[in-house]
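Read through the structure below, which is laid out as structure tokens, and then see the notes.
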Amino acid sequence: MSETMIGARLARREDERLLTGRGRYLDDLDLPDALAAAFLRSPHAHARITAFDATEALALPGVVAVFSGADLAEIQKPLAPKVLHPELRDYPRLPMPPEELHYVGEPLAVVIAESRYVAEDALELIEVDYEVLPAVGSTAIALRPGGPLAHSGDESNVAVLLSQKAGDAEEALRTAPHTLSEEFFLMRGGGHSMEPRAVAARFEPATGQLTIWDTTQSPHYARQQLSMIYEMAEDDLRVIAPSDVGGGFGPKAQFYGEEVVIPWVAKKLRRAVKWVEDRQENFVSAMMERSQTHRIEVGFDDDGRLLAVKDVIEHDQGAYCAGLQVPSITTSTVPGPYKVPNIAIELRACYTNMVPTSSVRGAGRPQAVFVMERMMDRIAAHLGLDPAEVRRRNLIQADEFPYQVGITFRDGSPLTYDSGDFPALLEGTLERIGYDEARREQARSRAEGRYVGIGLAVYVEGCGLGPYEGAKIRLTNRGRILVTLAAAGQGQGYETVYAQIAADGLGLGMEHIDVTTGDTARIPFGQGTFASRITATCGPAVFDAAKQMRARLLDTAAVLLGCDPSEVDFADDCVCLGGDREKSVSLQQLAQVANIGKHGITLPRGVKAGLETASYFSPERAAYASGAHAAMVEVDPETGGITILKYVIGHDCGTVINPLLVDGQVLGGFAHGLGNAMYEEAVYDDEATPQATSYLDYALVSSAEVPPVELFHIQTPSPLNPLGAKGAGEGGTVPPPAAIANAVEDALRPLGVRVTRAPVTPARIADAVAAAHGSEASASSTSPGADAGGKAP
Amino acid sequence: MADHTLSVTVNGESYDEAVDARMTLADFLRERLRLTGTHVGCEHGVCGACTVIVDGVAARSCLMLAVQTDGAVVETVEGLAVDGELSPLQQAFKRNHALQCGFCTPGFLMSVTAALREDNVRDEDDAREVLSGNICRCTGYSGLVRSVVDVAKGRSDE
């Protein structure tokens, strides 16, 4: 085999089964005699259970059992936050709380019945008395002195106060020739995988083993959590992420009470149990992300060069801290691709009575990029400079890598950009959007009374996180190469990508290689799919294990052919001596000799038994992907409608393994980012009751909303792994809110409108235009105008 | 609950079944007939993952009751490929990377198959309109749009 598979634009091998209805998603599992589960969920944002009566529910034909939190005391142990901090005031998150409930949707009981229909009937027959308590519906309420407490009896709603510093931002701001400040808010949004969460479990009394099927992104993490909570050896727990999972996007990388309850019930009842979340449940109980308030202040010189950035962030953890990964990422993403000599970032993470937040595609980065990129435009406007020019003057240059920012990334390592070429990304994006001509067109449009604007956003995305990921490669007894990953895919095309990487490592055609993922029984250690990390961590492991396997296969064949390993190579599924097919052994023959052998008969001398290799790769630190987006929009100031006229994406994720799939990741991520920019709002009222719990009230983008995009890549390989890979899963999602908000504010600049919130919806724009008219009439011409926000989120 | 009898043809095969009045068509296909290609994404008729074709018309199988298909001809994603040969639309999806996790894919295939039979997709705007009744969270739709345009214009190579 001569052509390399890494870099080849190959169609996916997963597609055939998915296109013909032969996918194997969790609910497709046919578990004979399995019972169905349905959870009773809190209708109140904050309440105490004062009475619980399931008598009527239990009497319903077809109902097998009802368990409340009080019945499952032995598994009521806190679900540990993923990322901790010594100063975190962690409020224990129990699988199914027996007393106090802290958000609408929190599970408090489960019905087990012969069908989901019956289980849902039974839910309505359960009598619960609640004492409703005051609830916290925003970070503003959470941090208000003397306001309600998200957890009764707590001392405050603050989860943790953290700060990150480089230089002396206060002093630099005090002495800077110019300073600007602003408050920004970004709205909650969800992952919205088209397949909701699901868990099924079966207990084998004969072996004491519990098998759990889980739509998780992190089966090994789930097994670890379960092993601690159940006090069982991990070997007795097998967690399988089915080979087809209908999208993850972050929420499926978290660990939930339902994942603890369902297997336990299966063990207790000695019956298989399946729970498949419905969309309504998904809206109120799957973790969300995004909501943050930023108060940012920037100092700069007359040329627009940044001297200091200070940002105070209020982060909404929701009712519990599932981990500090998101705010940690936000704090270290604020400086972005720019040289900022003085940085001070303060984080105030707090508890509210809303569903817990954790990573959703983009994970803390869109917020940081939004505030920084909005301020770059404000600097430009303040100095009368072009926004592209201000960015140009501040970008870290291509010859300055590795670049030390001076603060710490979420992986615990110093924020050190490994490689990149930010100017090339920006210039390439400007060139493709026809920036100079676009500005002229904008001027012409303005003269015609049309509101056209251009928005830019440049970002750096920490990805490829440790601690490690691994792969096993085995020659199966049938003579095929089996690559086993711990990482569970959610549609990214792992079966294709890792076969490509293994093919290059082996020097063998992909058609002989199979890939299997996501089953803790097949590989002992793993972390999971999150943080755009798998290509950069698992990829090198696969490549290394494949190279080891190549050596093993050739060594073994050389023994059998009676020659030196240097004289043999692959030809199709055989190892040949000097290219002669007459002098060859097939992969199956090698398996026959080295793996199967003959009972009691000595192996041929020199043959090592067991053709299996394994490799684990631990990156020294995170890698940093980067990109630049440019949007040209037209805004109708009366309706607030935004039309995207043109959109360009420049993207750098290091080495591209399969361009077709990377393009798919970027464009899919872009659609999600566009949702965050313009549509998606997980609205809660002040009492923390969710107001958007179906796709009738929560708008996901369709083909009608997502415009055509011009996408180009540059590749600056990461020096941190042998493939040079970074991460491609989230970059598309990170900058669209910033690019769209910048474009809208630019479009409406003649009206003095200010955009400070995402999503930028028509209603907000129309309100801001009206407000700007008002302030124009009452204030001087230098008035900053209105806020495209309104007050309540 | 009273049982209702139901005679339905699904992908060319006839079935006579007794079902609860409230059983959705989606659950009937998935659980009774074990045709699990039809997926349930939202159960309120918005995402379109459960779309099948009933008597020639694309229908949300989560919003339809199984008993309503008594005497009907139902087509599901399992019936699209003939003798293992993918339909031109399925081939276009594969070629254009129009799917990632694949969960929404059967619904898209059935919606678009029904639409293309009406033969009124002329350009990318039409394709976007045809696709806009279904939600995909993975692809950003560009591969889907290309696929529909490809098939509408009779392209099958590339």
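In what follows, chains are A, B, ... by sequence order, proteins preceding strands, each numbered from 1. Values in this document were obtained by computation on a predicted structure and should not be read as measured data.
B:Met23 is listed as a side-chain neighbour of A:Tyr117, based on a closest heavy-atom distance under 4.5 Å. B:Leu99 has its side chain out of reach of A:Glu14: every pair of non-hydrogen atoms, C-beta onward, lies at least 4.5 Å apart. Under the 4.5 Å side-chain criterion, counting only non-hydrogen atoms from C-beta, B:Cys47 is not in contact with A:Arg279.
Your options are B:Gly37, B:Cys138, B:Gly143, and the one with the most heavy-atom pairs under 4.5 Å with chain A is B:Cys138. For the set B:Asn134, B:Asp27, B:Leu144, B:Leu89, the count of heavy-atom pairs under 4.5 angstrom toward chain A peaks at B:Asp27.
Using modelled atom types, no side-chain atom of B:Arg137 and backbone atom of A:Ser193 make a donor-acceptor pair closer than 3.5 Å.
Nearest heavy-atom pair across B:Gly102 and A:Tyr25 is C-OH, 2.9 Å. What you find for A:Val706 and B:Gly140 is that their closest heavy atoms are CG1-O, 3.5 Å. Nearest approach of A:Gly247 to B:Cys101, heavy atoms of both residues: N-CB, 3.4 Å.
Counted within 6.0 Å of CD on B:Glu129, heavy atoms from surrounding residues, nucleotides or ligands total 12 or fewer; the atom is thus considered open.
Within residues 669-678 of chain A, the residues approaching chain B closer than 4.5 Å by heavy atoms are, in numerical order, A:Ala671, A:His672. Among residues 660-667 of chain A, the residues having any heavy atom closer than 4.5 Å to a heavy atom of chain B are, in sequence order, A:Leu660, A:Leu661, A:Gly664, A:Gln665, A:Leu667.
A salt bridge does not link B:Glu43 to A:Arg116: none of the charged side-chain nitrogens sits closer than 4.0 Å to a carboxylate oxygen. Comment: B:Arg34 does not engage A:Asp28 in a salt bridge, judged by the lack of any side-chain N to carboxylate O separation of less than 4.0 angstrom.
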